[in-house]
Amino acid sequence: MTPALTWNTTRFALDLQRPQVMGIVNLTPDSFSDGGRRAEPNAALHHCEQLLREGAHILDLGAESTRPGATPLSARDELERLLPVLREALKLGVAISIDTYKAEVMQAALDLGADIVNDIWALRQPGAQQVVLRHGACGVCLMHMHREPQSMQLEPMAGDAVAQVGRFLQARAQALELAGVQRARLALDPGIGFGKTVAHNLQLLARQRELLKLGYPLLLGWSRKSTLGALTGLDVEQRIGPSVAAALLAVQRGASIVRVHDVQATVAALKILEALDAAATIEGEGIHS
Ligand code: HH2
């Protein structure tokens with residue numbers, strides 16, 4: 001089955017005929033990539049506005065870091081960080097995604113009007129699936145993670161990552177559909193770096209088209225991940241080039257949504273890809289021949 005042309009979310013039907021850029025807004029003091037700099041609500045909101053000026057189509061707000069070994073946060077603390085920014089971000093006129101795995105946080109964010117639940121646990125934590133079912137309209141991103149954030153890199157998955165990730169994502173998506181979530185609300189994410197080795201992550205990129213066959217839009221989060229550091233020797237802050245390259249390669253292999261820190265550079269790179277595709281189409285129609 002071919003993936004849907006829109007991603008239906010609470011307020012917006014996102015047009016997946018063009019790649020959608022999801023800008024990351026970290027409200028955490030300990031995120032792996034830009035830890036702490038945006039924890040203060042005003043700074044976070046300015047960051048949201050900046051990402052929109054740079055061309056983001058979706059903003060992904062996360063109040064708890066999921067980097068390997070990060071300290072888990074209570075739902076109450078997570079909400080304290082999230083809600084002041086969310087209230088204002090919802091006025092910006094774009095889809096707002098909430099990066100959380102806690103039912104209580106999802107519920108509060110959806111009550112305020114959030115558009116998407118982005119869950120690294122694919123709604124496997126207590127109560128999470130029920131919140132999404134009850135809401136009836138929000139978009140959902142289901143991500144694959146091997147083990148859990150505290151232990152995933154200590155014992156990464158073994159064997160064929162693409163096959164295992166595919167089976168997991170298909171099972172989660174089917175379970176949700178059977179429970180009543182419309183297919184057009186779902187996007188799937190192979191979870192780059194979540195309990196995977198560098199070789200696994202590369203396998204997932206090289207064979208990404210196999211995951212497209214599941215028939216759901218794919219969301220990819222390569223931005224500043226450690227695999228890019230391992231391949232280039234660059235520190236987190238220096239990984240814009242490899243992050244943009246990975247996002248572009250993911251889109252070329254059929255990704256509909258890319259989750260990125262560096263929105264301006266990614267949007268610019270995607271314009272080249274789009275121009276190239278348009279030129280190739282004209283060429284194919286014989287206009288230049
Ligand atoms: N990666 C992180 C967090 N959330 N969500 C999706 N759907 N896909 C991802 O690849 C993904 C995600 C990484 O977590 P964190 O350590 O909090 O860093 P950052 O939010 O800066 O990417």
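Numbering of ligands and ligand atoms starts at 1, following listing order. Heavy atoms only: backbone and side chains are in, while hydrogens, waters and symmetry mates are out.
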With atoms numbered from 1 as shown, which atoms in ligand 1 lie under 4.0 angstrom from a non-hydrogen atom of Asn118? 5 (N), 6 (C), 7 (N)
Select one of side chain, backbone, both or neither to describe which atoms of Leu220 lie under 4.0 Å from any atom of ligand 1, heavy atoms only. neither
Is Gly62 close enough to touch ligand 1? Criterion: a residue heavy atom under 4.0 Å from a ligand atom. no
Of the side chain and backbone of Phe194, name the one, both, or neither that has a heavy atom under 4.0 Å from an atom of ligand 1. side chain
Per-atom contacts, ligand 1 versus Asp189 - under 4.0 Å to a heavy atom: 6 (C), 7 (N), 8 (N), 9 (C), 10 (O)
Show the atoms of ligand 1 that are less than 4.0 angstrom away from any heavy atom in Asp99. 3 (C), 4 (N), 12 (C)
Going by heavy-atom distance to atom 10 (O) of ligand 1, choose the closest among Met145, Arg259, Lys225. Lys225
Numbered in order shown, the ligand 1 atoms found under 4.0 Å of a heavy atom of Ser65 are 16 (O), 17 (O)
Please check: side-chain N/O of Trp7 versus main-chain N/O of Arg185, any donor-acceptor pairing under 3.5 Å? yes
Is a side-chain donor or acceptor of Gln125 paired with a backbone partner of Tyr101 at a separation under 3.5 angstrom? no
Which atoms of ligand 1 sit under 4.0 Å from any heavy atom of Thr66? 2 (C), 3 (C), 13 (C), 14 (O), 15 (P), 16 (O), 17 (O)
At the 4.0 Å heavy-atom cut-off, does His261 count as touching ligand 1? yes
Could you check whether any side-chain N or O of His46 sits under 3.5 Å from a backbone N or O of Asn42, counting only pairs where one atom can act as donor and the other as acceptor? yes
Gap between atom OG of Ser223 and atom CD1 of Ile192 - 0.5 Å precision: 12.0 Å
In plain terms, say whether Lys271 and Glu274 are close enough for a salt bridge, that is, a side-chain N and a carboxylate O under 4.0 Å apart. no
Does ligand 1 have an atom that lies less than 4.0 angstrom from a heavy atom of Cys141? yes
Are any of the side-chain nitrogens in Arg207 or Asp160 under 4.0 Å away from the carboxylate oxygens of its partner? yes
Reference residue Thr227; test side-chain hydrogen bond (donor to acceptor under 3.5 Å, both in side chains); the match among Thr197, Thr232, Asn201: Asn201
For the pair Thr10 (side chain) and Ala114 (backbone), establish whether a donor and an acceptor sit closer than 3.5 Å, ignoring hydrogens and angles. yes
What I want to find out is whether Asp99 reaches Arg259 closely enough, with some N-O distance under 4.0 Å, to be called a salt bridge. yes
Using a heavy-atom cut-off of under 4.0 Å, does the side chain or the backbone of Thr28 touch ligand 1, or both, or neither? neither
Relative to the heavy atoms of Met143, which atoms of ligand 1 are at a distance of less than 4.0 Å? 6 (C), 8 (N), 9 (C)
